[in-house]
Amino acid sequence: MLLQGKRVLVTGGTHGIGRATALMVAAQGADVGINDLQNGDAAASLVQEIQAMGRRAFFHAGDVADPQVATDFIAAAVKNFNGVDVFVSNAGICPFHSFLEMPIETLRRTMDVNLLGAYTMCQAAAQQMVSQGKDSQGRGGSIIAISSISALVGGEMQTHYTPTKAGVHSLMQSTAIALGKYGIRCNSVMPGTIQTDINKDDLSNPEKRAYMEKRIPLGRLGVPEDIAKVVVFLASDLADYVTGASVLADGGMFVNLQ
Ligand SMILES: C[C@@H]1O[C@H](O)[C@H](O)[C@H](O)[C@H]1O
């Protein structure tokens with residue numbers, strides 16, 4: 001069990017990469033706090049599934065774009081678990097849209113959820129981790145932000161999205177420096193094209209799907225568990241000397257020029 005007794009929080013945790021992460025960290029021995037926009041069947045069944053593994057779990061509804069939700073989510077972690085050891089900033093949106101006609105509302109919403117939300121959530125988690133102090137091995141906590149291959153490359157219909165993913169990657173580089181003295185590690189994961197709700201419509205176009213699959217040396221689109229495994233590594237003591245890093249998990253898509 002790589003995460004025995006660790007207290008892990010996940011945003012955007014009731015579906016896709018977030019859900020797979022919540023289940024996999026629980027399977028590795030962690031207690032899990034989940035945040036997502038709405039409470040509902042997905043949240044309730046996830047909490048039940050984790051409790052059925054013998055772990056503690058709670059759900060906290062709220063929009064990450066609202067900084068107050070960050071404060072409240074951490075307060076809920078203190079109430080339920082007496083603190084936090086691992087924070088996974090996963091909540092994100094990608095409403096594909098052309099650049100020239102991009103509505104300001106779509107741009108603002110994408111920036112507020114993907115970057116402002118990641119910033120305020122990671123800051124609130126770090127403030128709590130600093131107040132908890134280091135453990136006997138000098139560990140102060142692990143913050144993991146879900147960035148993307150799109151932090152490194154562009155997307156015609158993602159001009160509002162790719163800057164936020166580059167921003168999340170950069171945020172982890174700077175917080176790694178700011179928080180190293182507290183024994184807190186900060187890293188990003190860069191998923192490639194992972195089949196989730198976020199791109200279901202986009203990949204329902206057979207040409208687009210075939211084009212993306214052809215770009216992947218491992219020959220398949222990713223699944224949420226492919227990313228959850230990387231999160232478990234970065235959350236675990238196996239990554240004790242890993243901070244300020246970014247892990248591409250894209251089946252080789254990024255390097256595949258020719
Ligand atoms: C929505 C999703 O976002 C990812 O970051 C990457 O850009 C994928 O290709 C896209 O399908």
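FYI, the numbering just counts along the sequence from 1. Atoms within each ligand, like the ligands themselves, are counted from 1 in listed order.
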Within the 4.0 Å heavy-atom shell around [X], which atoms of ligand 1 are there?
X	result
Met212	9 (O)
Tyr161	3 (O), 4 (C), 5 (O)
Ser150	5 (O), 6 (C), 7 (O)

For [atom], what is the nearest protein heavy atom, given as residue, atom name and distance?
atom	result
atom 5 (O) of ligand 1	Ser148 OG, 2.5 Å
atom 8 (C) of ligand 1	Thr193 OG1, 3.5 Å
atom 11 (O) of ligand 1	Asn199 ND2, 3.1 Å

**Prompt:** Hey, is the main chain of Lys208 close enough, under 3.5 Å, to the side chain of Asn205 for a donor-acceptor pair?
**Reply:** yes
**Backbone of Ala245 reached by a side-chain donor or acceptor of Asn187 within 3.5 Å** =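 Here the side-chain-to-backbone pair exists.
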**Prompt:** Who gets closest to atom 1 (C) of ligand 1 by heavy atom: Val153, Ile146, Ile198?
**Reply:** Ile198
**Complete:** In short, Ala235 meets Ser142 closest at the heavy-atom pair CA-OG, 3.9 Å
**Prompt:** Is the shortest N/O to N/O distance between Asp202 and ligand 1 below 3.5 Å?
**Reply:**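 Not met; the criterion fails.
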**Asked** More than 12 foreign heavy atoms under 6.0 Å from CD of Gln4: is that the case here?
**Response** yes
**Message:** Could you check whether atom CZ of Phe58 has more than 12 heavy atoms from other residues, nucleotides or ligands sitting under 6.0 Å from it?
**Reply:** yes
**Message:** If I take atom CZ from residue Phe96 and atom CG from residue Asp202, how far apart are they, to the nearest 0.5 angstrom?
**Reply:** 4.0 Å
